[in-house]
Amino acid sequence: MSGSEVTAIEAAQEAVTTLGLLRAEAATTIAALLDPETREHPRAIATAYRKAGEQVLDSEKRALGLRKNAFLSQPALAEITPLGLADPLGAHEVPLLRATFTLIRGRRVAEQGALETQLGNAFIGFKHETLSRECPACNRLDGRVTRGPDAAVLPPSDCIAGCTANYGIRPKIDYLADIN
């Protein structure tokens, strides 16, 4: 799947499985919450999801370490694993953020054909840029230049716990390539 456009369900399954904050069945929820246009931040989308539906009782919120005015619906709580209960308000946001970054990288790499046509020899490949230095697995990708099939669209399998894999992929262009 590396180097090709990734579907929403593939990105969601990778995020849910790797992070372990949500039950496997929640991958369909994360896929449905993904914003294809990336207009809203995943935090706002996850919050809206937690607000929808019947809310957990105040006593349950207290037991989870949440304030009385925190939003957490029964369906959202049912999707959270014991690991995710350490931060129940972030349990949907973090996988959603990770899946969003994966989709963005997949879309960028899917543009390779158009970039090659438009830029010709000036298109060198895709450069990976790490935005957060906390994950050694993602840091290994920083500065790496690859062609589409070798681009790391899916996050490394050895990311640290809770890593959103927020590295980017951008076209690397040699603006002097066609000058004689």
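These numbers come from the heavy atoms of this one structure, side chains and all, not from hydrogens, waters or symmetry mates.
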Let me see the working for I45 and D35 under side chain to side chain contact (heavy atoms under 4.5 Å, CB included), right down to the final yes or no. CA-CA 8 Å; I45 296 169; D35 181 2; 3.8 Å; yes
Point-to-point distance, once rounded to the nearest 0.5 Å, from [atom1] of [X] to [atom2] of [Y]:
{"X": "T117", "Y": "E111", "atom1": "OG1", "atom2": "CD", "result": "12.5 Å"}
{"X": "T81", "Y": "L85", "atom1": "OG1", "atom2": "CG", "result": "6.5 Å"}
{"X": "L141", "Y": "T146", "atom1": "CG", "atom2": "OG1", "result": "9.0 Å"}
{"X": "L57", "Y": "L72", "atom1": "CG", "atom2": "CG", "result": "11.0 Å"}
{"X": "E129", "Y": "R170", "atom1": "CD", "atom2": "CZ", "result": "4.5 Å"}
{"X": "L96", "Y": "L19", "atom1": "CG", "atom2": "CG", "result": "11.0 Å"}

Could you tell me which non-hydrogen atom of [X] sits nearest to which non-hydrogen atom of [Y], and how far apart they are?
{"X": "V16", "Y": "A27", "result": "CG2-CA, 3.9 Å"}
{"X": "A165", "Y": "C138", "result": "CA-SG, 3.9 Å"}
{"X": "I169", "Y": "A152", "result": "CD1-O, 3.8 Å"}
{"X": "A12", "Y": "A31", "result": "CB-N, 3.6 Å"}
{"X": "H128", "Y": "Y167", "result": "CD2-CE1, 4.1 Å"}
{"X": "A70", "Y": "L66", "result": "CB-CB, 4.1 Å"}

Check: [Y] main-chain N/O paired with [X] side-chain donor or acceptor under 3.5 Å:
{"X": "T164", "Y": "V94", "result": "no"}
{"X": "R23", "Y": "A78", "result": "yes"}
{"X": "R67", "Y": "R62", "result": "no"}
{"X": "E10", "Y": "T7", "result": "yes"}
{"X": "T102", "Y": "R98", "result": "yes"}
{"X": "Q112", "Y": "V109", "result": "no"}
{"X": "D174", "Y": "A122", "result": "no"}

Is L103 linked to Y49 within one hydrophobic cluster, defined over Ile, Leu, Val, Met, Phe, Trp and Tyr using a side-chain heavy-atom separation of less than 4.5 Å?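 Hydrophobic grouping puts L103 with Y49.
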So if you build clusters from Ile, Leu, Val, Met, Phe, Trp, Tyr with side-chain heavy-atom gaps below 4.5 Å, do L22 and F101 land together?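 No, no single cluster joins them.
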Listing request: all salt bridge (charged side-chain N to carboxylate O under 4.0 Å, His left out) pairs with a residue in residues 69-96, at least two apart in sequence or in separate chains.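 Sorted pair list: R43-E93.
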Do [X] and [Y] touch side chain to side chain, with heavy atoms closer than 4.5 Å?
{"X": "I80", "Y": "H92", "answer": "yes"}
{"X": "F126", "Y": "L115", "answer": "yes"}
{"X": "L77", "Y": "L64", "answer": "yes"}
{"X": "P88", "Y": "R50", "answer": "no"}

F71 and Q55: CA distance, side-chain angles, deciding distance, side chain to side chain contact (heavy atoms under 4.5 Å, CB included) verdict: CA-CA 7 Å; F71 295 106; Q55 297 294 300; 3.9 Å; yes
Taking atom types as modelled, is there a side-chain donor on E14 or T18 under 3.5 Å from an acceptor on the other? yes
Cationic N near anionic O, under 4.0 Å, E116 to R147: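 Yes, charged N to carboxylate O under 4.0 Å.
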Under-4.0 Å salt bridge between D158 and R140: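 Yes, this pair counts.
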Mind running side chain to side chain contact (heavy atoms under 4.5 Å, CB included) on K61 and K68 for me, showing each step along the way? CA-CA 6 Å; K61 290 179 186 178; K68 188 176 184 177; 5.7 Å; no
Quick check: are there more than 12 heavy atoms from other residues, nucleotides or ligands sitting under 6.0 Å from CD of Q74? yes
Stepwise side chain to side chain contact (heavy atoms under 4.5 Å, CB included) check, H41 with L97: CA-CA 8 Å; H41 192 279; L97 192 55; 4.2 Å; yes
